[in-house]
Amino acid sequence: MAIILDGKKLKEKILENLKIKIEGFEKKPLLTVILVGNDPASMLYVKNKKMTAENIGINSEIIRYPSSVLEDELLRKIHELNKDDNVSAILVQLPLPKHISKEKVISIISPQKDVDGFTPYNFGKLFSGDEPFVYPCTPTGILLLLDEYNIDLEGKHTVIVGRSNIVGKPLSQMMLNRNATVTICHSHTKNLPEITKTADILVSAAGKNIIEEKMLKPGCVVVDVGISKDSTGRIHGDVDFENVSKIASHITPVPGGVGPMTITALMLNTLALFENSKKCL
Ligand code: NDP
């Protein structure tokens with residue numbers, strides 16, 4: 001049976017250390033989250049982020065707007081937050097309503113406060129091989145988890161299913177930086193199983209239940225980013241956990257794998273931006 005890559009346990013360990021560190025700060029970091037609309041999943045994510053932050057001594061505020069909010073109003077608020085010295089980190093919860101340009105909104109967040117690492121500045125730095133202020137949260141969380149279990153990427157063939165800006169693209173670059181050989185697959189990829197079978201490390205971020213045991217090489221490491229709900233409301237990932245865990249060497253559960261690590265990386269990023277802002281004074 002595969003070793004479980006326990007994101008929940010690692011989250012507790014990292015956050016405990018962060019809490020102790022933050023206790024020693026005179027001024028606390030502030031994470032500001034912008035939430036537009038009433039999407040239940042987004043509301044839950046934002047609530048969890050705020051709760052996690054406050055549990056470790058990071059101040060957090062949620063600024064809410066109705067889904068009818070005008071793009072200009074949102075842009076004005078971000079400009080205001082960019083200038084506010086009390087705000088260490090800004091997160092705009094995605095998705096945004098269709099009438100608002102996600103690209104425009106993200107692009108005006110100050111790179112020094114861009115806690116997701118999604119601004120063109122930080123993304124560009126990542127892809128040019130330079131240091132962004134912070135790296136995107138989910139890929140960071142995945143690498144922290146692999147490091148914890150001493151899974152080395154050097155020379156390994158990593159197959160990533162999914163090419164979004166949130167997961168697949170930044171993760172591919174971060175894994176290249178660790179000297180992995182990276183293949184990215186997506187919905188137009190032909191013969192997906194032929195490719196996944198060659199993976200030493202498989203990361204799936206499709207949001208669909210597509211990874212079966214027969215698609216994998218015995219002994220591979222499996223990281224399941226996907227979060228979906230079945231008809232009974234049960235949360236599951238992209239991977240057939242029950243059968244894949246019989247042949248993989250390591251596997252992340254859903255829930256309890258990548259999800260807790262994403263929020264851990266968000267806290268680490270908030271702290272990194274806060275500490276960097278003090279350096280800039
Ligand atoms: P997107 O919908 O933006 O991207 C999904 C990607 O999967 C796309 O690149 C798509 O290809 C690809 N894809 C879809 N179907 C297939 C298929 N049958 N075969 C191969 N590739 C396929 O999603 P996100 O990246 O935002 O999120 C992916 C999943 O991860 C979701 O379930 C999301 O909830 C979860 N997630 C979990 C996080 C966590 O912390 N655990 C954090 C972020 C996301 P194409 O580009 O061609 O459309």
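Order of appearance sets the numbers: ligands from 1, and atoms from 1 within every ligand.
Remark: K208 engages no residue in a salt bridge (charged side-chain N to carboxylate O under 4.0 Å, His left out) (not counting sequence neighbours). When the side-chain hydrogen bond (donor to acceptor under 3.5 Å, both in side chains) test is applied to K8, no partner is found at least two apart in sequence or on another chain.
Scanning the protein heavy atoms around atom 33 (C) of ligand 1, the nearest turns out to be I227 N, 4.2 Å. At the shortest separation from atom 45 (P) of ligand 1 among protein heavy atoms lies S187 OG, 3.4 Å. Protein heavy atom at the shortest distance from atom 40 (O) of ligand 1 is T262 OG1, 2.7 Å. The protein heavy atom nearest to atom 20 (C) of ligand 1 is H186 O, 3.2 Å. At the shortest separation from atom 7 (O) of ligand 1 among protein heavy atoms lies A206 CA, 3.3 Å. The closest protein non-hydrogen atom to atom 8 (C) of ligand 1 is R163 N, 4.0 Å. At the shortest separation from atom 4 (O) of ligand 1 among protein heavy atoms lies S164 CB, 3.9 Å. With respect to atom 31 (C) of ligand 1, the closest heavy atom belonging to the protein is G207 CA, 3.7 Å.
The atoms of ligand 1 that sit less than 4.0 Å from any heavy atom of V167 are 25 (O), 43 (C). Heavy-atom contacts of V161 reach the following atoms of ligand 1: 20 (C), 21 (N) (cutoff under 4.0 Å).
For atom 14 (C) of ligand 1, the choice among H188, H236, K229, K208 with the nearest heavy atom turns out to be K208. For atom 5 (C) of ligand 1, the nearest non-hydrogen atom from the set G162, A205, G259, A265 comes from A205.
K246 and N243 are linked by a side-chain donor-acceptor pair at a separation below 3.5 angstrom, with hydrogens and angles left out of the test.
Contact analysis puts V225 in contact with ligand 1, with a non-hydrogen atom separation below 4.0 angstrom. Residue contacts with ligand 1: G226 is included, with a non-hydrogen atom under 4.0 Å away.
The pair K19-E16 fails the salt-bridge criterion, with no side-chain N (NZ, NE, NH1 or NH2) lying under 4.0 Å from an Asp/Glu carboxylate O. With respect to the salt-bridge test (charged N to carboxylate O, under 4.0 angstrom), the residues K27 and D85 do not qualify. Under the 4.0 Å criterion applied to side-chain N and carboxylate O atoms, K9 and E148 are not assigned as salt-bridge partners.
Counting heavy atoms closer than 4.0 Å to ligand 1, residue T189 contributes nothing at all.
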- prompt: Going through the checks in order, is the side chain to side chain donor-acceptor pair (under 3.5 Å) test met by D130 and S128?
  reply: CA-CA 6 Å; D130 202 351; S128 65; 5.1 Å; no

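Of the candidates Q173, M175, K169, M175 is the only one forming a side-chain contact (heavy atoms from CB on, under 4.5 Å) with L171. For the pairing with L5, the side-chain contact (heavy atoms from CB on, under 4.5 Å) check across D224, V258, T252 returns one residue only, T252.
Atom 24 (P) of ligand 1 lies below 4.0 Å from at least one non-hydrogen atom of the protein.
At a threshold of 4.5 Å between non-hydrogen side-chain atoms, the residues K11 and T52 count as touching.
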